[in-house]
Amino acid sequence: MVQNPRILKTKVGIIGGGPAGLMLSHLLAKTGIDNIVVEMRDHETIRNTHRAGILEAQAVQMLTESGVDGRVLTHGDEHAGIDLRFNGESHPLDFRDLVDATVTLYAQNEVFVDLSAARHRDQGDVRYSCEVTEILDMETTTPKFRFTDAEGTEFEVHADVIVGADGSRSFARRQIPETVKQDFKVTYPFAWFGILTEAPKSAPELIYANSPHGFALISQRSETVQRMYFQCDPNEDVNAWSDDRIWAELQKRVDGPDNFQLKTGPIFDKTVLGFRSFVREPLSHGRLFLIGDAGNTVPPTGAKGLNLAFADVKVLFEALDSYFSTGSDQLLEGYSDLALKRVWKAQNFSYWMTSMLHTPVGGDPFMAKRALGELETVTSSRFGQQYLAESYTGWPHA
């Protein structure tokens, strides 16, 4: 135990400086609530970690209307629908027509860049390359946590509230006693093989393809760089795949009688993205609150990850704003229950999209046919299309 750490006092101590933690820090600072953010990774590592981002309109509004930056509007790519492709045929869903909504493609690392720049602009206290080693007194009104910075200096943060925004491997989450928590999780028997390629767009909208060879997502990033995925084994070795082999596999999964052809180019990034569904209940204990991936993760099929994190941020920010302005902890006490309502809706949608679009491992013919029947049901019914469109573009924030 550190004998004489340097003491830092603040109202809200935030563990985790990714998009969720920085968004909460930004909103708190805008209302005059002092906060400190501590992040384990260095700034450049986060900035250069390519992660796809499909933002609901409400997430875009949080970035623009709170004064973070308008770059999402000038550099993001607004989309008004998707294509569901099965049996070799595309079935377009028009989100504007169905639910009067759109989404915006904007990479998560770009969201981080904007938020990080905003905190620097506003002189926020954000510290990178710091390791949190201990959380203390979380069941009291004076919770604390200790961390060591890149120079080896040891600190102790004294706060009124601590927030765990430190991702799916959350240190903060692990400090909650076993006796007061319950975890719900599903591990999937497949993963996504993801690529970034220098190529033009293959289609106006994103294509979600169910095929006998496995799922494929033909996504986008910009006019000249595209992101694509195909279903693979979780232990797949990316180094065993040449560009030609990757393009042949992707093309096989979108082939059809319309002779649709992918537009190809050099591949400059390859990764295997594992799948799991996870929810921690409750999302709080004492004066420790969890947001984003620290409390719940979803498979990427439903495009809910960052949107769900921002929804958590909004609920917790409003609770903290109420607490510090009125002294009432009523909204803080209700944070977990309110946030979990949206979490479980997103879990259901993400699980549904995943099971409907992916090829069953082991080749179960009944499940494969059942999924095709479900896709036919959705695409042949306006009500079915509206359910998917509403869930994909986002429910109203609580």
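Side chains are part of it too, since the values below use all heavy atoms of this structure and drop only hydrogens, waters and symmetry mates.
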Could you grab the distance from atom CD1 of I54 to atom CG of L306, nearest 0.5 Å is fine?
11.0 Å

So how far is it from L273 CG to E236 CD, rounded to the nearest 0.5 Å?
14.0 Å

Ring geometry between Y387 and W352 (parallel below 30°, tilted from 30 to 60°, perpendicular above 60°):
perpendicular

Strictly distance-based, threshold 3.5 Å: is any side-chain N or O of K270 a donor or acceptor partner for the main-chain N or O of L196?
no

Derivation of the salt bridge (Lys or Arg N to Asp or Glu O under 4.0 Å) call for R6 and E154:
CA-CA 6 Å; R6 294 178 59 181; E154 296 165 325; over 6 Å; no

Any side-chain heavy-atom pair of F289 and S284 under 4.5 Å
yes

Indicate whether any N or O donor in one side chain lies under 3.5 Å from an N or O acceptor in the other, for Y128 and T45.
no

Whether D137 side chain and T140 backbone form a donor-acceptor pair below 3.5 Å
no

When you measure from the side chain of T197 to the backbone N and O of P266, does any donor-acceptor pair fall under 3.5 Å?
yes

Gap between atom CD of E198 and atom OG of S222 - 0.5 Å precision
9.5 Å

Is the charged tip of K304 near the ring of W395: under 6.0 Å from the six-membered ring centre and within 45° of its axis?
yes

I'd like to know whether R253 forms a side chain to side chain contact (heavy atoms under 4.5 Å, CB included) with Q231, so could you lay out the CA-CA distance, the side-chain angles of the two residues, the decisive distance to 0.1 Å, and finally the verdict.
CA-CA 10 Å; R253 299 186 185 202; Q231 179 182 342; 3.5 Å; yes

Ion pair present between R85 and E89, side-chain N to carboxylate O less than 4.0 angstrom?
no

Aromatic plane relationship, H91 with F86 - under 30° parallel, 30 to 60° tilted, over 60° perpendicular
parallel

Verify, without hydrogens or angle tests, whether N48 (side chain) and E44 (backbone) share a donor-acceptor contact under 3.5 angstrom.
yes

Could you verify whether a donor N or O on one side chain and an acceptor N or O on the other, from T10 and D34, lie under 3.5 Å apart?
yes

Between G21 and I291, which heavy-atom pair has the shortest distance, and what is it?
N-CD1, 4.4 Å

Residues, nucleotides or ligands: over 12 heavy atoms within 6.0 Å of K181 NZ
yes

If you draw a 6.0 Å radius around CE in M40, do more than 12 non-hydrogen atoms from other residues or ligands fall strictly inside?
no

What is the ring orientation for H358 with F275, classed by angle as parallel under 30°, tilted 30 to 60°, or perpendicular over 60°?
perpendicular

Answer yes or no: is there a donor N or O on one side and an acceptor on the other, between the side chain of S381 and the main chain of V378, under 3.5 Å?
no

Verdict with reasoning, D312 to Y335, per side chain to side chain contact (heavy atoms under 4.5 Å, CB included)
CA-CA 9 Å; D312 288 348; Y335 162 71; 3.7 Å; yes

At what distance, to the nearest 0.5 angstrom, does NZ of K30 lie from OG of S25?
12.0 Å

With a 6.0 Å cut-off (strictly less than), is the heavy-atom count around CD of Q330, excluding the residue itself, greater than 12?
no

Answer with yes or no whether the side chains of H50 and R221 bring together a donor and an acceptor at under 3.5 Å.
yes

Just so I know, are the side chains of L388 and I82 near enough to count as touching, which here means a heavy-atom distance under 4.5 Å?
yes

Can you tell me if S322 uses its side chain to pair, donor with acceptor, with the backbone of E318 under 3.5 Å?
no

Under the 3.5 angstrom rule, does the side chain of S202 hit a backbone N or O of L262 as a donor-acceptor pair?
no

Inter- and intrachain pairs under side-chain hydrogen bond (donor to acceptor under 3.5 Å, both in side chains), touching residues 98-115, at least two apart
R71-Y106, R71-E110, R71-D114, E78-T102, Y106-D114

Cut-off 3.5 Å, side chains only: do H26 and S66 have a donor facing an acceptor?
yes

Once salt bridge (Lys or Arg N to Asp or Glu O under 4.0 Å) is applied, what residue pairs with a partner in residues 155-175 remain, sequence neighbours excluded?
R146-E156

